[in-house]
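The structure displayed is predicted, hence computed values, not measured ones.
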Amino acid sequence: MSWSFLTRLLEEIHNHSTFVGKLWLTVLVVFRIVLTAVGGESIYYDEQSKFVCNSGQPGCENVCYDAFAPLSHVRFWVFQIILVAMPSLMYMGYAVNKIARLDEDKGGGGLEDLLRGVRHDGRRRIQGDGLMRIYVLQLVTRTALEAGFLAGQYLLYGFRVIPVFVCSFEPCPHSVDCFVSRPTEKTIFLRIMYGVTVLCLTLNVHQRLDHGLECVGIRLIEKKKLTSVGVV
């Protein structure tokens, strides 16, 4: 798959999204993917190798590290990115296929026009091509996943990375102190990822409210027109 095709695909995602949806995509690409790939790997590359416990008992450090971090921060965020982006990717596949078929029925170029970069108004295409229900469904699913991962991140890691972790699990002979490398830097990065998740969740809720208010407005206008016709 060529880079030009990927570029056109991203442009098509923009074309079939509202303004808030485009903003969410920007946050996903710039803050989540780039931060996790560049910042996360450099900060957490020695996460386990620098996790040192004051015990010489074989296996003690491995058990304590497993208790300290059941799931690596970076792996958690990668898993979050994949699952949160999945509803949008599935919606895009459905939308592009349906719009291409409608364009072909109308005598247009169909999928070839989409791949050549023919631009569309995202909001109008969503409303006019019968995509509103699917769009809202993927938006609700995305919001639920964001909220779930936000709660999961809090349950797993809290709001800070502690510098000293006290461990008393077997095979450790007694309670031992385990020391975490660069806890302050990791705490800052952890809170940044909290902020990104809250921002994405806020955009999703705003987008859902925006669509809800728009649907209510359309129904009121239609009701007013029907009332006017009845009076005439």
Side-chain angles (χ1 to χ4, degrees), residues 5-37 75-103 110-111 113-115 117-156 191-223:
F5 177 82
L6 291 176
T7 303
R8 288 194 298 268
L9 180 60
L10 288 175
E11 290 178 354
E12 197 58 34
I13 292 176
H14 273 267
N15 293 340
H16 290 84
S17 300
T18 61
F19 173 76
V20 181
K22 295 175 182 179
L23 188 59
W24 175 86
L25 180 64
T26 302
V27 173
L28 174 70
V29 173
V30 174
F31 288 97
R32 275 194 168 153
I33 297 179
V34 174
L35 272 178
T36 302
R75 292 187 181 93
F76 177 87
W77 292 322
V78 170
F79 192 52
Q80 180 181 13
I81 291 170
I82 293 173
L83 283 188
V84 168
M86 191 61 65
S88 297
L89 294 176
M90 294 176 67
Y91 160 76
M92 277 309 307
Y94 175 82
V96 168
N97 181 62
K98 183 171 183 177
I99 290 174
R101 290 183 178 180
L102 291 174
D103 288 345
L111 185 60
D113 282 349
L114 296 180
L115 296 181
V118 177
R119 301 188 66 81
H120 306 286
D121 187 310
R123 186 179 291 272
R124 291 180 181 177
R125 294 312 301 251
I126 292 171
Q127 294 175 349
D129 295 325
L131 298 172
M132 181 59 74
R133 289 184 179 180
I134 302 298
Y135 189 83
V136 171
L137 178 61
Q138 66 89 22
L139 187 59
V140 171
T141 304
R142 204 170 69 194
T143 303
L145 288 172
E146 291 281 13
F149 275 104
L150 185 64
Q153 182 169 307
Y154 172 75
L155 292 175
L156 284 174
R191 292 179 179 177
I192 289 174
M193 297 305 290
Y194 268 116
V196 172
T197 302
V198 171
L199 176 59
C200 289
L201 185 59
T202 303
L203 291 175
N204 289 335
V205 173
H206 180 275
Q207 198 172 359
R208 183 67 188 96
L209 292 176
D210 183 43
H211 281 295
L213 293 175
E214 185 177 3
C215 290
V216 171
I218 291 174
R219 290 182 180 179
L220 290 176
I221 293 174
E222 291 178 350
K223 185 177 181 180

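Scanning for side-chain contact (heavy atoms from CB on, under 4.5 Å) contacts around Leu83 gives Phe79, Phe149, with sequence neighbours left out. Taking the side-chain contact (heavy atoms from CB on, under 4.5 Å) definition, one finds that Ile82 meets it with Val78, Met86, sequence neighbours left out.
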message = Apply side-chain contact (heavy atoms from CB on, under 4.5 Å) to residues Thr36 and Gln80 and explain how you reach the verdict.
response = CA-CA 11 Å; Thr36 302; Gln80 180 181 13; over 6 Å; no
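The CD atom of Gln138 lies 8.5 Å from the CG atom of Asn204; values are rounded to the nearest 0.5 Å.
Between Leu145 and Pro87, some side-chain heavy-atom pair lies under the 4.5 Å cut-off.
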